[in-house]
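Some notes on the structure that comes next.
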Amino acid sequence: MGMLANLQAEIKGAIKHVFDYQLPDNQLIVSPTKKEFEGEYTFVTFPLVKALKNKPEVLGEQMGAYLKENSSIVSDFNVVKGFLNLSLNDGFWSTALSTVGDETFGSKPANGKTFMVEFSSPNTNKPLHLGHIRNILLGWSMAQIAEANGYKVIKTQVINDRGIAVCKSMIAWQDLGEGKTPESTGTKGDHFVGSYYVAFEQVFQKEYKAWQETDVGQEVFSSLAKEGQDAETFFKGYKNKYFNEYSAIGARTKEMLLKWEADNPEVKALWEKMNGWVYDGFETTYKKLGVDFDYNNYESETYLLGKEFVDEGLKSGVFYKKDDGSTWIDLESAKMDHKIVLRSDGTSVYVTQDLGTAHQRYEQYKMDHLVYVVADEQDYHFKVLFEILKRLGEPYADSLYHLSYGMVDLPSGKMKSREGTVVDADDLVEEVIGEARKASQERGGLEGISTEEQEEIYRKVGLSALKYFIIKVNPKKRMTFDPKESVDMQGQTGPYIQNAYVRIQSIFRKAGVTKADQPQEALEFNNLERDLIVQLSQYPHVLEEAFNKYDPSIIANYSYTLAKSFHRFYHDCRILNAETESLKQNRLYLSQTIGSILESSMQLLGMEMPEYM
RNA sequence: GGCCACGUAGCUCAAUUGGAUAGAGUACCUGAUUACGGCUCAGGAGGUUGAGGGUUCGACUCCUUCCGUGGUCACCA
């Protein structure tokens with residue numbers, strides 16, 4: 001990092017000297033030179049044109065000449081329009097390499113601040129699916145990136161373990177379960193419970209269909225349907241109303257929820273038993289994905305939290321009450337609507353809970369950042385939530401961020417649980433690992449390694465294919481997930497990057513050393529080596545940028561270009577058979593640095609490097 | 001309909017934040033390499049950056065008007 005600052009200072013000095021002009025820092029644009037041109041770094045002279053009233057070419061020539069003459073690091077230059085391309089001398093590259101090769105390079109000292117991130121946040125009535133995987137990868141990566149930027153990190157998830165949906169699975173298990181358990185059926189707990197949720201929907205739909213044919217159903221249709229609306233469309237929209245007002249199984253479900261809220265021991269026992277099964281299942285999936293949490297928020301413990309806020313807010317006039325007893329906030333001045341915060345029966349809604357949870361977290365952890373990783377369908381919810389917290393004068397209101405990401409589509413279109421097109425997380429993980437195993441065995445590449453180690457490698461490789469495929473996309477963009485491409489291992493993929501690392505390890509094994517030191521004597525660097533050093537030196541900036549923009553895909557793309565450059569270098573330049581011993585040492589040292597940065601950057605994205613593949 | 005995102009090669013994605021001739025991968029075609037572990041490397045072809053207008057030395061990027069896609073406008077979470 002210091003190396004670029006050095007160059008910038010020299011350029012600034014040159015401008016002062018040649019033109020007697022002080023260039024503002026924000027106009028001092030120095031970037032790596034594009035491949036088509038000679039040189040390694042480029043200074044953009046356009047900003048000088050206005051102030052100095054001269055042609056950009058002339059300014060570039062004058063500065064270049066001065067720098068070549070007087071600078072200790074510039075060896076040559078050329079000017080194309082407003083671009084001054086600078087070539088730097090071997091001494092510069094030598095110190096640059098030792099900078100990036102330092103073990104502390106890229107890591108930032110602790111800054112004493114706390115970064116909290118909420119992600120995954122599953123419901124206990126369904127197993128995790130592809131959408132959760134994108135969420136988890138984003139949340140996990142942001143946690144790692146924050147840590148690399150010096151923050152103390154707290155990873156948390158909200159488990160939506162209560163409510164009407166959870167009661168549905170419970171009712172279905174009571175009716176249809178015959179006392180079966182995950183153990184007795186050999187089913188993973190979350191899948192086991194999820195199947196009863198599905199069963200409930202089937203029973204309910206059957207009941208609803210039958211009701212539609214009854215006199216009552218027909219009367220509802222003819223009296224409430226809009227003109228020209230057909231029965232199917234009408235009843236689709238009427239489903240919730242039916243559930244609440246007519247359905248027998250719906251009534252039983254609601255009754256169960258009331259009992260749950262009244263702490264009925266039998267209901268609570270059943271609830272705990274079934275949720276326990278689900279948690280076991282989630283744990284298995286998280287473990288396989290290689291993620292964990294520092295603590296969980298259970299909705300059953302937080303769903304009442306926001307109420308006291310409402311009282312305070314009513315007093316201070318932030319909220320107002322309607323005649324029916326419901327409580328609202330008027331957000332029109334912030335270009336939003338009126339929003340309900342307490343129902344007329346006094347119970348709280350989604351935002352109310354989130355208000356309370358945010359407050360509780362701050363009380364407990366005094367975090368400096370709180371990031372919610374939630375899909376972009378909830379953009380409006382978070383705008384509302386943050387605005388309310390601001391109006392309530394919460395001290396942390398400005399440190400909140402909604403990391404909003406686009407939904408994951410399949411090549412065939414949207415995932416829809418009702419149509420059974422949801423991609424299950426566990427299935428997906430098994431599939432990519434299976435593909436890695438298959439590909440490896442076809443090549444017969446892992447002979448002489450124990451079966452357990454082989455399996456561990458397949459896991460690392462398969463998961464990196466899957467994870468990279470998802471994390472490389474800018475979070476806010478909606479993405480298409482093609483299962484076929486997600487198991488690819490060639491091209492811009494996780495395994496391609498792993499392969500660069502494995503090659504480096506292999507070189508060291510071949511060389512019979514574990515570590516390389518930088519040679520002391522003066523050396524020459526070729527284009528490929530210089531390019532690699534430039535890329536390596538950007539790592540700290542990449543880290544910062546990924547953190548500031550909440551965007552792990554920046555790191556994913558960086559790792560790929562670095563791996564690509566290495567593969568090319570590896571192809572064109574002999575390392576162990578280099579012309580001289582010191583050149584060999586130098587290249588080993590460079591390779592070692594690349595390997596270590598590839599490893600740490602991929603680790604930020606939740607991907608592990610194998611030693612063989 | 002209001003509001004919010006997003007529209008870049010056939011497909012999946014980039015573009016150092018306003019910089020050079022818009023780049024990668026994939027698929028397709030052509031070559032290299034019997035090895036420092038080829039899950040590699042090089043080359044070819046593929047573009048009016050959804051459309052129009054504006055701002056300026058310079059626009060995928062900023063402003064504006066359309067068009068398209070998705071999301072959201074629940075006393076669900």
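Bear in mind the structure is a predicted one, so any value in this text is a computation, not a measurement. Sequence lines set the chain letters: A, B, ... in the order given, protein chains first and strands last, and positions in each chain run from 1.
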Measure the shortest side-chain to side-chain distance between A:Tyr405 and A:Tyr550 over non-hydrogen atoms and say whether it is less than 4.5 angstrom.
no
>> Once you apply a heavy-atom cut-off of 4.0 Å, does A:Val349 come out as touching a base, just sugar-phosphate, or nothing?
In response: sugar-phosphate
Phosphate OP1/OP2 of B:rC36 contacted by A:Arg574 side-chain N/O (<4.0 Å): yes
Between A:His381 and A:Val473, the residue closer to the 5' end of RNA chain B by nearest nucleotide is A:Val473
- What does A:Glu299 touch in the nucleic acid at a heavy-atom separation under 4.0 angstrom: a base, only the sugar-phosphate, or nothing? sugar-phosphate
Could you work out the separation of B:rG50 and B:rA5 based on their C1' atoms and round it to a whole Å?
16 Å
A:Leu342 CG to B:rA77 P, in whole Å, measures 12 Å
Side-chain donor/acceptor contact of A:Asn85 with base of B:rA20 under 3.5 Å:
yes
Spacing of the C1' atoms in B:rC29 and B:rG10 (rounded, Å): 15 Å
Considering only heavy side-chain atoms of A:Arg509, the closest of B:rC41, B:rG37, B:rA77 is B:rG37
Does A:Phe83 stack onto the base of B:rA20, taking stacking as ring centres under 5.5 Å apart and planes under 30° apart? yes
- prompt: Between A:Lys34 and B:rU21, does any side-chain N or O lie under 4.0 Å from OP1 or OP2?
  reply: no
Notebook entry, point to check: What does A:Arg478 touch in the nucleic acid at a heavy-atom separation under 4.0 angstrom: a base, only the sugar-phosphate, or nothing?
Noted result: sugar-phosphate
Do the rings of A:Phe204 and A:Phe200 sit parallel, tilted or perpendicular, given the 30° and 60° boundaries? parallel
Per atom distances to the A:Pro47 side chain, the nearest of B:rC75, B:rC36, B:rG19 is B:rG19
Next item on the list: Determine the Euclidean distance between corresponding P atoms of B:rA9 and B:rG71; express it in Å to zero decimal places.
Entry: 22 Å
Query raised in the report: Counting any heavy atom closer than 4.0 Å, what does A:Tyr560 reach on the DNA or RNA strands: base, sugar-phosphate only, or nothing?
Result: sugar-phosphate
When rounded to whole Å, the CD to P distance for the pair A:Gln490 and B:rG37 reads 19 Å
Fill in: Flag side-chain contact, heavy atom, 4.5 Å: A:Ile329 against A:Tyr320
no
Q) Parallel, tilted or perpendicular: which fits the ring planes of A:Phe566 and A:Tyr570, with parallel below 30° and perpendicular above 60°? A) tilted
Check: With a 3.5 Å cut-off and just heavy-atom distances, do the side chain of A:Ser344 and the base of B:rC75 make a donor-acceptor pair?
Finding: yes
Using a 4.0 Å heavy-atom cut-off across all strands, classify A:Met336 as base, sugar-phosphate, or nothing.
nothing
Assign each of A:Met489 and A:Thr33 the nucleotide of RNA chain B bearing its closest heavy atom; nearer the 5' end lies the nucleotide of A:Thr33
Any side-chain N or O of A:Lys477 below 4.0 angstrom from OP1/OP2 of B:rG7? yes
Nearest-Å distance once atom P is located in both B:rC62 and B:rU49: 16 Å
So the stems of RNA chain B, runs of at least three Watson-Crick or G-U pairs (under 3.5 Å), are B:1-7 with B:67-73, B:10-13 with B:23-26, B:28-32 with B:40-44, B:50-54 with B:62-66
- Message: Centroid separation under 6.0 Å, is that true for the rings of A:His402 and A:Phe386?
- Response: no
Nearest heavy-atom approach of A:Val423 to A:Met415 is N-SD, 3.5 Å
Check your understanding: So, for A:Tyr372 and A:Phe382, is the gap between ring centers shorter than 6.0 Å?
Key -> yes
Practice item. Answer with base, sugar-phosphate or nothing: what part of the nucleic acid does A:Thr480 contact at a heavy-atom distance below 4.0 Å? Key: sugar-phosphate
Phosphate oxygens OP1/OP2 of B:rC41: is one of them under 4.0 Å from a side-chain N or O of A:Tyr496? yes
Please work out which of the three classes, parallel, tilted or perpendicular, describes the rings of A:Tyr496 and A:Tyr560, given edges at 30° and 60°.
tilted
Over 60° means perpendicular and under 30° means parallel, so tell me whether A:His381 and A:Tyr350 are parallel, tilted or perpendicular.
parallel
task = Sticking with atom P, work out how far B:rG23 lies from B:rU64, rounded to a whole angstrom.
result = 29 Å
Q. Does A:Phe46 stack onto the base of B:rG58, taking stacking as ring centres under 5.5 Å apart and planes under 30° apart?
A. no
Could you tell me whether A:Asp482 contacts a base, only the sugar-phosphate backbone, or nothing, with contacts defined as non-hydrogen atoms closer than 4.0 Å? nothing
inquiry  = Ignoring hydrogens and geometry beyond distance, is the side chain of A:Thr42 in donor-acceptor contact with the base of B:rA20 at under 3.5 Å?
reply    = yes
Test A:Tyr298 against A:Arg162 for side-chain contact (heavy atoms from CB on, under 4.5 Å), laying out the working first. CA-CA 9 Å; A:Tyr298 295 90; A:Arg162 64 164 282 281; over 6 Å; no
What interatomic distance, in whole Å, is found between P of B:rG25 and the corresponding atom of B:rG19? 23 Å
Extract from the structure each pairing of a protein N or O with an N or O of nucleotides 1-5 of chain B at less than 3.5 Å, listing the distance.
none

Please tabulate, one pair per line, all N/O donor-acceptor pairs under 3.5 Å involving side-chain atoms of residues 28-35 of chain A, not counting sequence neighbours.
unit_1: A:Thr33; atom_1: OG1; unit_2: A:Glu40; atom_2: O; d: 3.4
unit_1: A:Thr33; atom_1: OG1; unit_2: A:Tyr41; atom_2: N; d: 3.0
unit_1: A:Thr33; atom_1: OG1; unit_2: A:Tyr41; atom_2: O; d: 3.3
unit_1: A:Thr33; atom_1: OG1; unit_2: A:Thr42; atom_2: N; d: 3.4
unit_1: A:Thr33; atom_1: OG1; unit_2: A:Thr42; atom_2: OG1; d: 2.7

* To do: Check every strand shown and say whether A:Gln498 touches a base, only sugar-phosphate, or nothing at a heavy-atom separation below 4.0 Å.
  => nothing
Margin query: Mind checking if A:Pro32 touches a base, just sugar-phosphate, or nothing, with heavy atoms under 4.0 Å?
Written below: base
(message) Does B:rC41 have its OP1 or OP2 closer than 4.0 Å to a side-chain nitrogen or oxygen of A:Lys564?
(response) no
Quiz prompt | Pairwise P distance, B:rA24 and B:rG44 [rounded to whole Å] | solution = 10 Å
_Say we look at B:rG58 and B:rU65: how far apart would their C1' atoms be, to the nearest angstrom?_
24 Å
When you compare the side chain of A:Leu137 with that of A:Leu605, does any pair of heavy atoms fall below 4.5 Å? no
